[in-house]
Amino acid sequence: MNRRDAISRLGVLIGGTLSASTLSGLLAGCSTPSSVDYALQILTEPQFALFGRIANIIIPETDTPGATEAGVDRFIDTMLAKYYPLAETRHFLSLWDAFGMMYSPEEIDDVELETMILREDSQAYNITGSQSESAAWAFRLLKELVISGYYTSEIGMTEELRVKPFGTANMDIARSEIDRTWSN
Amino acid sequence: MYLHKRVEFDAIVVGSGMTGGYAAKELCEKGLKTLVLERGVSFEHNSSFVTEHKKPFDLPLRGQIPPAELQMDYATQGKVYLFDQATKHLFVKDSEQPYIQEKPFDWIRANQVGGRSLMWARQTYRWSPMDFESNLKDGHGVDWPIRYKDIEPWYDYAESFVGISGRAEGLAQLPDGKFLAPMEMTAVEKHAKAAIESSYSDRTMTIGRCAVLTQELNGRQPCHYCGECERGCSTRSYFSSVSVSLPAAAATGNMTLQPNSIVHSIIYNPETGRAEGVHVIDALTREMTAYFAKVIFMCASTLGTTQIMLNSKSESFPNGIANGSGVLGHYLGDHHMGINASGFSDSFNDRFYSGSRPNGIYIPRFRNLDSESVRSDYVRGFAYQGSSWRAGPGRGASSAGIGADLKDRLRDPGPWEMQLWGYGETLPRFENHCRLSPNAVDQWGIPQLIVSADWGENEKAMRRDCMECAQEMMEAAGFRDISVTDDIENNPQGLAIHEMGTARMGRDPKTSVLNGFNQAHEVNNLFVTDGACMASTAVQNPSITYLALTARAVNYAVGLLKSGAI
């Protein structure tokens with residue numbers, strides 16, 4: 001996707017128009033070193049922080065650890081840097097940057113952000129007039145990364161869920177014989 | 001550079017995979033000093049199983065391969081269902097070993113000791129008497145030079161070494177074998193079996209017959225149900241050349257196993273009429289060496305073997321060794337697949353499973369078996385493999401819901417899903433073929449293979465019936481949200497990885513390459529026992545048949561050697 005496409009998709013996302021000069025900063029990429037003990041691969045610090053907060057809203061700490069403790073924020077950074085084609089990653093980030101510009105999530109608390117994410121979530125799977133296709137896509141992709149990242153992490157696989165034991169295969173057992181489902 | 005060292009063996013086996021490893025074991029146990037040549041790298045039981053039991057979080061990108069890497073290096077290999085970060089080192093890079101697809105053909109290749117026997121799906125079904133008679137009966141292809149009774153004792157022999165778990169069903173179209181205890185079905189599979197068998201008197205659903213041990217055999221341990229056979233098995237529970245056949249061959253002290261050895265061609269001596277040996281290119285140094293032996297077994301995979309034979313040109317055989325008939329490279333066929341039926345069930349939410357069963361269910365062929373089941377729109381038949389499972393936590397990404405409620409919901413298994421996958425027989429047709437490129441060569445200077453194959457009208461008609469039968473069986477079993485798809489576009493020949501037939505057996509040297517003992521009609525110390533030898537495809541997964549033919553051919557060849565006939 002070229003820069004012009006990215007900008008026009010941003011316009012669709014936020015339902016308005018922005019000047020190209022305002023947007024150029026959003027598309028400039030990232031190189032900011034992280035304050036956390038982790039070298040960011042493609043995300044900027046604000047993007048990394050926002051995705052971490054959203055990840056913990058989607059998979060919060062309960063009686064087991066939540067998303068960021070399981071490394072989901074780093075997983076998102078890694079997948080965006082190394083798995084997805086660069087154009088797709090850039091498109092994804094530009095849409096989330098537009099979200100950031102519109103709502104300034106760094107200035108709102110977790111409760112308010114959760115309300116916002118709850119709304120995005122309900123719309124992303126049942127698109128109404130207020131959310132564009134591309135915004136829904138960007139939300140669903142983030143949620144997919146959070147869920148796949150969490151449930152393939154060591155915490156997600158071994159603490160939150162159960163790893164199938166080796167030894168035998170009992171293909172027809174009562175559901176009640178295990179407390180939680182298998183992660184593999 | 002050509003160094004003409006006179007290195008002599010009793011036997012040379014080209015290829016170390018499914019059939020090569022087994023040929024080596026049989027030859028070595030009969031006392032022959034045997035050289036096994038493998039074009040790929042060294043690969044050893046256990047120490048080479050570098051991804052066995054690794055969890056997603058131990059693998060790069062949790063096991064996923066970036067689309068850009070797939071496109072660049074693994075455009076064909078990446079289509080295999082089990083291709084991921086844990087297995088990609090077992091496949092060739094298409095970018096490094098190109099071939100030419102005149103028509104789309106997915107040539108799946110594994111260049112290491114053990115070949116594709118490491119990643120095979122382990123399904124093992126005998127052919128039946130009707131499969132060896134079908135060519136003669138309906139006139140497609142040439143008559144098989146053997147019948148079921150010729151191979152039956154060799155099935156017994158191979159199965160007792162391989163170890164097959166399964167259930168005897170007494171079906172004429174799918175003979176029983178020497179089975180270890182069968183694996184178990186899930187609650188949903190048991191239900192589907194009962195519903196299908198009571199709705200259709202001609203149909204059976206059985207547990208898959210597979211080359212995975214359910215009890216100890218010859219010092220090999222029963223399966224520990226990790227569910228990731230393709231990464232290698234430290235307990236030798238599934239059958240592979242690396243873990244089972246080659247160690248047996250090595251134990252005799254008669255085997256020389258040489259990796260990185262690309263066979264360029266077979267050396268033919270017109271004075272003796274024999275294949276004297278092979279020219280081998282060292283994959284690393286590119287030095288060429290000749291090795292000599294009394295008997296040569298070609299087990300380099302269907303297309304690999306045929307490529308070498310086509311490249312073995314001489315005054316006597318200008319179109320490839322043992323190719324006076326002109327059929328070498330022709331009658332290529334794979335099973336056609338890509339018909340998938342799926343459905344969901346809410347009836348067994350109180351049932352679940354534990355352990356990863358490396359196996360599924362099987363619905364044997366039920367068409368064109370007799371006058372009752374004969375079809376007017378196509379000949380031969382199809383079968384289904386299938387499986388059932390409950391959805392995992394990934395389903396949380398496909399619907400709304402976040403937070404503690406979501407976590408809680410995903411602690412439960414999701415709904416049951418069951419799928420059936422159709423596999424069909426492909427008729428032997430001359431135009432489905434491979435040949436050598438007249439100008440393109442690979443990095444070792446060997447002519448690239450051109451492959452040209454497609455599906456015929458018989459296969460297409462069969463697929464329509466296969467879809468309808470899948471639909472009606474899923475309905476009979478009471479599944480909801482049934483969908484049946486025919487993805488023929490993404491399933492060209494090759495992807496079932498059951499390609500066969502390019503050096504077929506037959507009774508007549510004018511229309512076939514090999515006789516009834518897998519011996520070249522025109523070169524009596526040259527044998528081909530991999531999938532190239534097959535005169536038809538049947539519908540069964542073919543490896544156990546290749547193994548039975550291999551043991552039979554070795555027995556015959558060694559008899560000829562001892563009597564001085566070759």
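So that the names make sense, note that chain A is the first sequence line, chain B the second, and so on, each numbered from 1.
- Here the OG1-CD distance, from Thr168(A) to Glu184(B), works out to 10.0 Å after rounding to the nearest 0.5 Å.
- With a 4.5 Å cut-off on non-hydrogen atoms, Thr214(B) does not touch chain A at all.
- Between Phe166(A) and His53(B), the ring-plane angle classifies as tilted under the 30° and 60° cut-offs.
- A donor-acceptor contact closer than 3.5 angstrom is absent between the side chains of Lys55(B) and Thr158(A).
- Looking at Val146(A), there are no atoms closer than 4.5 Å to chain B (heavy atoms on both sides), in backbone or side chain.
- Closest approach of Ala404(B) to Thr62(A), counting heavy atoms only: CB-CG2, 3.9 Å.
- Between Asp172(A) and Ala187(B) the shortest heavy-atom distance is OD1-CB, 3.4 Å.
- At a 4.5 Å heavy-atom cutoff, the contact between Ile65(B) and chain A is made by backbone atoms alone.
- When heavy atoms are compared at a cutoff of 4.5 Å, Glu160(A) approaches chain B by way of both its backbone and its side chain.
- Of the two parts of Ile147(A), only the side chain, counted from C-beta on, holds a non-hydrogen atom closer than 4.5 Å to a non-hydrogen atom of chain B.
- Note that OG of Ser122(A) and CD1 of Ile402(B) are 9.0 Å apart. Values are rounded to the nearest 0.5 Å.
- Inter-residue side-chain proximity for Lys164(A) and Tyr353(B) is flagged as met; some heavy-atom pair is nearer than 4.5 Å.
- Of the atoms belonging to Ser399(B), it is backbone heavy atoms, and not side-chain ones, that fall under 4.5 Å from chain A.
- The two atoms that bring Arg175(A) and Pro413(B) nearest to each other are NE-CD, 3.0 Å, heavy atoms only.
- Interface remark: Arg351(B) contributes backbone and side-chain atoms alike to the contact with chain A (heavy atom separation under 4.5 Å).
- At a threshold of 4.5 Å between non-hydrogen side-chain atoms, the residues Pro66(B) and Lys82(A) do not count as touching.
- With a 4.5 Å cut-off on non-hydrogen atoms, Asn349(B) touches chain A through its backbone but not through its side chain.
- For Leu118(A), the parts sitting under 4.5 Å from any heavy atom of chain B are the backbone and the side chain alike.
- When heavy atoms are compared at a cutoff of 4.5 Å, Leu161(A) approaches chain B solely by way of its side chain, counted from C-beta outward.
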